[in-house]
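Input: a single structure, listed below in structure tokens.
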Amino acid sequence: MDRQLLIVSTICFLAAVARTIMSLRAGIFRPGRFNFLAIGLGFIFQTAFLSIRGHALGRCPLTNLFEVFIFLAWSIAVLYMLVGPAYRLSLMGAFTAPLVVLLQSFALITPIDIRHPVKLPANQWLEFHASVSLVSYGAFALACIAGVMYLVQERQLKTHQLHSIFYHLPPLTDLFAAITRLLWWGFALYTVGLISGFFVGQPLPYAQVVCAFGVWLLYGAILQGRHLRRLAPKHVAALCIVGFSAALTLLWGITFTAQIQSLP
Amino acid sequence: MNLFCVGLSHHTADVAMRERFAGHAETDCILRSAGCAEALLLTTCNRVEVYAASSARVPTEEIARCLVRMGDHEEMTAFYRHENADCVQHLFRVASGLDSMVVGETEILGQAKKAYELARASGAAGPYLHRLFQRAFRVAKQVRTHTEITRGSVSVGSVAVDLAQRIFGQLNNCKVLVLGAGETSERTARSLVSRGVPDLRVSNRSIDRAQELARLVDGRAVRFDEWPQHCREIDILITSTSSEAPLLTPETLAPMLCSRIDRPLFIIDIAVPRDVDPSVNKMEGVYLYDIDSLQSVAAQSLAHRRQQITAAEAIIAEHVADFGESISRVLNRKSPSTEHRAIGDTSLHASES
């Protein structure tokens, strides 16, 4: 039942992607209400899935890589719904939907939904650590998407080749302001997540701690470079993509290791 | 009842001929002398058209006589005539900007609305023209919403302003320096000021000319030897001096950019020969557009607008068919005995005269 909800959710996000592709092929790029509604509907089904799974587990549904991916996709969608309209980044939906489709499709297709043989005991600190960290990943994901949008627009402005999509992108300076805010939000949440990780009451693998601090340092350096005006906006945008790729790799590593360790 | 349109436009008449017909027409003459039941006059710099409804056929010459006091027989070749379905289609195309000199321009819709308001207020437009024009406004709106016929700018000045807004968003925090007081830079500066630029500086070799332009655009004059210092503060530079050698090179610009790494600099170089070394465009955060690149963007927009014509024509065709059916229904309901030719009747074709 819960997987069916997720399939419907993925179809909703896929509809937003299909609409975007069709618009681009017709030479008319119009984000409009359809994309926002499709993403909104997809988000409702995602929430329903997480709710059912949470009730079944009796805890926050973050027990395997499958659930982590879905929670991450949910974080991205919820942050888009909060940030997109506020910063008039309606086009961000066109970039957000493919990322969510990718995450959810990967989670649905690959055999990573491995149920634990024994019911895991609830650990509030662990749940808090995992959920806050994943929401911070959502902010980093949106900063990455905004970074891609920035680079697309920057490239078109530099080359003087303005395509249909150019006319629907937010102004360059507005995009950069959104990237900065998302980075700050992501960094603050990630810091809280990182600190709470020390209270979970479990031994932390050394490599994970080092990598987690590596990601924290990377984002800290980006923000420092931005704050001290050492980094050009284009480089900040590019580093957002690098940072999110690193964070995603780390996330996969942590969950994969945890899953391996929990197997009997 | 017949709906028809008689007129001339930039397609059929040059400006010298168009200006002979503009401004002389009187709707009264069309209504009384020509015997039309309803009439509406649409006059712009690119067209002079009469939209009318009559129970009997009114010759084109009769309408033309109302448009100009001294009729010349040769001038009749410039007139076109569209009847019923073709008249409806023509008006829908005109209102949507498809028949305009610059495809997709939106000014024509406002002009058509104004013409309709005048005709309605004077009582010259009745139920037929009312329905026709209300539908035309709806069609124009739909075409604008569902196609990209109005996308982008198609003149050098508006492209520059459009790009500035794409980079900075709201221009009410932008600082602009105009280097050289040429006509195009003046026009561009005026457009920027009209979009909210609060701080505009003008620099020219002749300080008098700089002061004159500064006064015209509500800016302030800057001595020519001081302009490099202002480059550290400004967001947009418009340059159009007659200098033989480039005024800005990567070497001269680099120190000015040090303190503004997070703020883009938009340079509009409309001078020929160019004032800014093209390699400046490779610098971080600098967006350089010379006259060729601005024209190229304008051409891209125009080409894109032309690509949208097919989609716009499809919308118009749907409305023409629907309008023909709906007005036939209305006519039949009103007076079943009245003889009339259906507007949607495909056997009717425009007759050019």
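Residue numbers start from 1 in every chain, and the chains themselves are labelled A, B, ... in the order their sequence lines are given, proteins ahead of strands.
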Which distance, rounded to the nearest 0.5 Å, do you find between the [atom1] of [X] and the [atom2] of [Y]?
X: A/Thr173; Y: B/Arg263; atom1: OG1; atom2: CZ; answer: 11.0 Å
X: A/Leu162; Y: B/Arg151; atom1: CG; atom2: CZ; answer: 8.0 Å
X: A/Lys158; Y: B/Glu284; atom1: NZ; atom2: CD; answer: 6.5 Å

**Q.** Residues of residues 234-254 of chain B near chain A, each having a heavy atom less than 4.5 Å away
**A.** none
Over 12 foreign heavy atoms within 6.0 Å of [atom1], [X]:
X: B/Glu318; atom1: CD; answer: no
X: B/Asn172; atom1: CG; answer: yes
X: B/Glu226; atom1: CD; answer: yes

Q: For B/Tyr289 and A/Leu157, run side-chain contact (heavy atoms from CB on, under 4.5 Å): C-alpha distance rounded to whole Å, both residues' side-chain angles, the deciding distance at 0.1 Å, then the answer.
A: CA-CA 9 Å; B/Tyr289 280 74; A/Leu157 274 167; 3.7 Å; yes
**Q.** 4.5 Å side-chain heavy-atom contact, B/Ile167 and A/Pro171
**A.** no
Q. Among all residues two or more places apart in sequence or in another chain, which pass the salt bridge (Lys or Arg N to Asp or Glu O under 4.0 Å) test with B/Asp290?
A. B/Arg274
Q: Could you give me the CA-CA distance, side-chain angles and deciding distance for A/Leu172 and B/Tyr287, then say whether side-chain contact (heavy atoms from CB on, under 4.5 Å) is met?
A: CA-CA 12 Å; A/Leu172 219 49; B/Tyr287 305 98; 3.3 Å; yes
Q.
Counting heavy-atom pairs closer than 4.5 Å to chain B, which one of A/Gln161, A/Glu154, A/His163, A/His160 comes out on top?
A. A/His160
Q. Hey, which of B/Val297, B/Leu294, B/Ile261 has the most heavy atom pairs under 4.5 Å with chain A?
A. B/Ile261
Q. Taking only residues at least two apart or on different chains, which pairs with a member in residues 291-314 of chain B satisfy salt bridge (charged side-chain N to carboxylate O under 4.0 Å, His left out)?
A. B/Arg93-B/Glu313
Q) Considering heavy atoms only, which positions within residues 224-238 of chain A lie below 4.5 Å of chain B? A) A/Arg226, A/Arg229, A/Arg230, A/Leu231, A/Ala232, A/Pro233, A/Lys234, A/His235
Q.
Using side-chain contact (heavy atoms from CB on, under 4.5 Å), reason through B/Leu163 and A/Phe166 one step at a time and then give a plain yes or no.
A. CA-CA 10 Å; B/Leu163 286 172; A/Phe166 176 84; 4.2 Å; yes
